[in-house]
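Remarks on the structure that follows.
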Amino acid sequence: MLQIGGKDFESRLLVGTGKYRTNDEMVRAIAASGADVVTVAVRRVNLDRRDEGGILHHLDSARYFLLANTAGCYSADEAIRYARLAREAGFNEFVKLEVIGDQETLLPDVAGLLEATTVLAKEGFKVMAYTNDDLVMALRLEAAGAVAVMPLASPIGSGLGLLNPYFIRTIKRRLHVPVIVDAGVGTASDACLVMEQGVDGILMNTAIAEAADAVGMAKAMRLGVEAGRAAFLAGRMPRREVAVPSTPASGMLS
Amino acid sequence: MLQIGGKDFESRLLVGTGKYRTNDEMVRAIAASGADVVTVAVRRVNLDRRDEGGILHHLDSARYFLLANTAGCYSADEAIRYARLAREAGFNEFVKLEVIGDQETLLPDVAGLLEATTVLAKEGFKVMAYTNDDLVMALRLEAAGAVAVMPLASPIGSGLGLLNPYFIRTIKRRLHVPVIVDAGVGTASDACLVMEQGVDGILMNTAIAEAADAVGMAKAMRLGVEAGRAAFLAGRMPRREVAVPSTPASGMLS
Amino acid sequence: MLQIGGKDFESRLLVGTGKYRTNDEMVRAIAASGADVVTVAVRRVNLDRRDEGGILHHLDSARYFLLANTAGCYSADEAIRYARLAREAGFNEFVKLEVIGDQETLLPDVAGLLEATTVLAKEGFKVMAYTNDDLVMALRLEAAGAVAVMPLASPIGSGLGLLNPYFIRTIKRRLHVPVIVDAGVGTASDACLVMEQGVDGILMNTAIAEAADAVGMAKAMRLGVEAGRAAFLAGRMPRREVAVPSTPASGMLS
Amino acid sequence: MLQIGGKDFESRLLVGTGKYRTNDEMVRAIAASGADVVTVAVRRVNLDRRDEGGILHHLDSARYFLLANTAGCYSADEAIRYARLAREAGFNEFVKLEVIGDQETLLPDVAGLLEATTVLAKEGFKVMAYTNDDLVMALRLEAAGAVAVMPLASPIGSGLGLLNPYFIRTIKRRLHVPVIVDAGVGTASDACLVMEQGVDGILMNTAIAEAADAVGMAKAMRLGVEAGRAAFLAGRMPRREVAVPSTPASGMLS
Amino acid sequence: MELMINGDRRTVPAVETVAGLLAALDLDPRAVVVELNRTIIRRPTVADTPVVEGDQVEIVHFVGGG
Amino acid sequence: MELMINGDRRTVPAVETVAGLLAALDLDPRAVVVELNRTIIRRPTVADTPVVEGDQVEIVHFVGGG
Amino acid sequence: MELMINGDRRTVPAVETVAGLLAALDLDPRAVVVELNRTIIRRPTVADTPVVEGDQVEIVHFVGGG
Amino acid sequence: MELMINGDRRTVPAVETVAGLLAALDLDPRAVVVELNRTIIRRPTVADTPVVEGDQVEIVHFVGGG
């Protein structure tokens, strides 16, 4: 059971709703992922192309916990503004806080992120902070009131997988709030390896939406997350540079 | 559905029965793994310690397909002798053929393996050949009549994981008979990564039996194998060295 | 030729002076490393154990460019104080600025680091900033006036090597000031791999001082840095998943 | 000093002569590599295009030790035939023995290789056997009289680097004859890492010939091989998952 | 009347409140959030919040995102 | 009688067949396989296969293995 | 006189200047840097900088570091 | 005369020995090795080794290789 900001969730896999080829594929993929938490973004209504409705027509808000993000914001003020607008939409007080620092890599601006986290936490938001894999900043975000810290595996949409397992492992070992790895996972073994570091969950979008078969990959990711969590809890065997037979050497014929 | 030598199996995870702390733990772990194929070894009856019965008292041979191995054999002749004894026990004509070439690493003697495979295939055995990750030898084993080729991920009992994904991927791409990776997997992400290479299944023993919680790891391995298979079939997203937003950049406020 | 803050250096390998078993070994190792820049730290004179003199008795300050660090400082103010004391010692206006954020990992406090960099650059210091592998912070440090940015390969004294080549490569691609990788290198292949990312140099200490043969490893590191630099400039062959003969296939006998 | 079959060589880097853009570039690259041993192949004289002379017009056979290979041979008999022709050319009794088992990967046919090694060793050849990274076969080749065993890092011309350091390390630890890693190195850090496994030398061709600047890469490889050897001999520091300061923590100001 | 809506100057039928504006734009008040001159308009107050010539209006909703 | 069983010289009550030997050793014929002087004894023939003084007997069964 | 030097209360022969203090402590002024009551003393001024009872003095030099 | 040289049927001026053939082909005997009907011709014997109509000749030298 994953608990974030006092709320319980069954699944440790959180998913985004961007980049799907069709809304239908999105709906089926999200269902296959088993996710409880689904991220959405705040954008202007398009007054001219009315057909292009919002995402909520497609998501059962009774089934899914909608988590608004502040993707695309490049300053603390901008992210705060988007967070407030999202809250006014009235689903919940949670926000996946992003303050982007670089357009090419979409890496976070951790200074702006810390500032926005401090402000929003004071306003009663439950901030889930998208950050890099720096332990020191992760500790600061926790101290500033983040209910979850979300370090990256690799840059958003890159599919490069877990670039630095050691840093992620260290962050998890040192923080008290849940650690949800966000961004960069490319395939199921990445998700499994991430969970084996002991983290509490994973948020992903592109790896599912851009797979040749998004629904199939959503299922693979669900299994991969469960596998990694189960392996972490079970405690793996030691690595050895020398072989050890799994069959008894005694009792051989002469 | 995994088909080996004309026989169908539901699960792509095959498990061994060695090194468990207790028979009870073994039985529960094998059940949790979801495996259909379970390996056993041929050894002398211990005439003095009668309590120490064979393994068959503990395994439901109606539920599981018992696969005899020739573990511990260091020559083609010895392996052939063990295979014949195993067949006489009368379960089936399948054998997991091992001809070990080095006591420290338990790496196969591929020359002896090829010789034994040729002899046993002619005698009607369905040979599943435990070999190294050499494509050329894998092709020879297939040509000699092996019904499955079983390259290693890393040495038996080492838990070092998939040392050479490229060679395993190449073997799978070139062979027609099923490729079952045998030995070396240490944790669930290893199993997942192995399956993502496209192979047909995995056989493991130590990674489950030596986990702190064998039953929990057995479940993790089942999930990891399913995750890797599903991801392979779904077709992963491309890796990119540049980030791509999963949220639309348009429609931002001014 | 490496140029930092308007000063030219022959060697791209910078070395520390800590943790050597003896001063004699240190002197010989530094000579073997070929380094021009050597780091030292500011500490209280020990008034009771007079034998324990400072380091300068052992280093030829005509041969080596002494670079003071602020190791052990946990706040911007403290680091600024140490930098000013170091400058008063009168060697030069360069400082290797460290603001540590966590005692266990010795990872930098990037917020404090940025603050101290801004202050010291205004005072005319030539700041070489020890930071993590975050591109956004690296860009901020450059903008704040750092004459060199020094991202880590892995934590100080860990010997874990280059944990995240992708981030280091990205930092180098985007910055204009020299990028000197600092901390974490464990052996010569690490140094070579780091230089192949295109960075301008490497600063190391523990990998040399704690090698079984410090002088031998110093030479290995010099060669490794030169090898990596030369390979980067030469431009490596493409990686291929299919073999290509290096010997002509034509002209074979029949 | 590298000693193979009773002959001493200064350099641990052996180089091929194939695939260069021009003979002039080849000559300069080989000089820059510092290699003493240079491989060549036996092919039919082209009776129609006389201009296209053999390679020996370009190599100073006083300076370089010419090592004939049997590249392109797909059977023991064929390789033996080429080895005998090469010896008749009268340079020396050494041969780099290749028996290829697969056209796509150019992986060795170890059975044919072992057979040819046995025959040629009996005829007084000094066989340097190009093989895969299988310890058991490496031991057999040594027993059959090979004066050097040459396991691959990865397939010929692939540039994939050292796919399986563990197997190479194991082979070196167990053999008594020199172990020369052959094929697959792509850049200097690969060469350095290979030497750090303790092996006696490296033979390469494509990584130099296909670099954007072949002469520059030849120099990089020379340095990388020397760096890796020196690091291996010096004995690296231990890896640690926790940081250790290289500057004393005592003596801080209050 | 003329308003600046979502960054564009637009002419809309004269309305007196935010609720009126949404109606005029055929938008469901429960599906969007309105920011008027950089101030978020709480949903319960859209009917009481006046809109005047030249106001800066942002009307947002949720779209797919990661 | 004396037999070499599983590598050890053993004295067993005089028996005439493999089946008898298994009975004397209290072993279930369906749970083991017997090799007599390096020849595997097919199960159906254990009752008809004579055992004589000094025979080399291997009696095996299945144990746990990977 | 009593001073706080490098964190310890110490009694030293009465001196009037930083230069005098360094001499009393047998320290080479070119090898150390002095901070007096949190103010760095420029080297040229050590002879003109008075030291009085109870002053906080930090005397530092360079040691090995990475 | 007609010979099979390096896989091609070739007509060459009548020669009596391998040495003669190499001369006729304008090849330096020290730069090549000859295989005559699958037998390697030792260098010292090229002048004494007869070549006759229809012989299979392979003439090789060293080229670049890895």
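Letters A, B, ... mirror the listed sequences (proteins, then strands); counts begin at 1. The model shown is predicted, which means the values in this text are computed figures rather than measured ones.
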Does C:R87 use its side chain to pair, donor to acceptor, with the backbone of C:V95 at less than 3.5 Å? no
Gap between atom CD of C:E210 and atom OG of D:S246 - 0.5 Å precision: 9.5 Å
Working to the nearest 0.5 Å, report the span between CE of D:M204 and OG1 of D:T187. 9.5 Å
Counting only N and O atoms by type, is there a donor-acceptor contact under 3.5 Å from the side chain of C:R222 to the main-chain atoms of C:L13? no
Counting heavy-atom pairs under 4.5 Å to chain C, which of D:A209, D:A212, D:G18, D:G224 comes out on top? D:A212
Determine yes or no for a side-chain-to-main-chain donor-acceptor pair under 3.5 angstrom, with D:S154 supplying the side chain and D:G161 the backbone. yes
Counting heavy-atom pairs under 4.5 Å with chain C, which one of D:M221, D:M217, D:E196 comes out on top? D:E196
Among C:P248, C:G216, C:G251, which residue forms the greatest number of heavy-atom pairs with chain D at distances under 4.5 Å? C:G251
Best-contacting candidate, D:D102, D:V244, D:T39, D:T247, against chain C by heavy atom pairs under 4.5 angstrom: D:V244
Who among C:A214, C:G184, C:A211, C:A41 has the most heavy-atom pairs with chain D under 4.5 Å? C:A211
Roughly how far, to the nearest 0.5 Å, is CD1 of C:I208 from OG1 of C:T17? 11.5 Å
Could you state the interatomic distance from CG (D:N23) to CD1 (D:I55), rounded to the nearest 0.5 Å? 5.5 Å
Of the listed D:G235, D:S189, D:A183, D:C192, the one with the largest count of heavy-atom pairs under 4.5 Å with chain C is D:S189
Using a 4.5 Å heavy-atom cutoff, which residues in residues 225-232 of chain D come close to chain C? D:E226, D:A227, D:A230, D:A231
Go through D:A188, D:A234, D:G157 and name the one with the most non-hydrogen pairs under 4.5 angstrom from chain C. D:A234
Quick one: do C:K96 and C:L203 satisfy side chain to side chain contact (heavy atoms under 4.5 Å, CB included)? Show the steps, please. CA-CA 10 Å; C:K96 183 197 156 193; C:L203 170 51; 3.5 Å; yes
With a 6.0 Å cut-off (strictly less than), is the heavy-atom count around CD of C:Q103, excluding the residue itself, greater than 12? no
For the side chain to side chain contact (heavy atoms under 4.5 Å, CB included) test, which of D:P151, D:P108, D:P155 pairs with D:N132? D:P108
Using modelled atom types only, decide if a donor and an acceptor are shared between the side chain of C:S158 and the backbone of D:A243 within a distance under 3.5 Å. no
At a heavy-atom distance under 4.5 Å, which candidate from C:R236, C:E241, C:M252 has the highest pair count against chain D? C:M252
Within this structure, what is the CG-CD1 distance for the pair D:N205 and D:I156, rounded to the nearest 0.5 Å? 10.0 Å
Neighbours of chain C found in residues 69-85 of chain D - heavy atoms under 4.5 Å: D:N69, D:A71, D:G72, D:C73, D:E78, D:R81, D:Y82, D:L85
Is there a donor-acceptor pair closer than 3.5 Å between any side-chain N or O of C:R239 and the backbone N or O of D:G186? no
Does the side chain of C:R44 pick up a donor-acceptor pair with the side chain of D:S254 at under 3.5 Å? yes
Answer with side chain, backbone, both or neither: which region of D:S250 has an atom nearer than 4.5 Å to a non-hydrogen atom of chain C? backbone
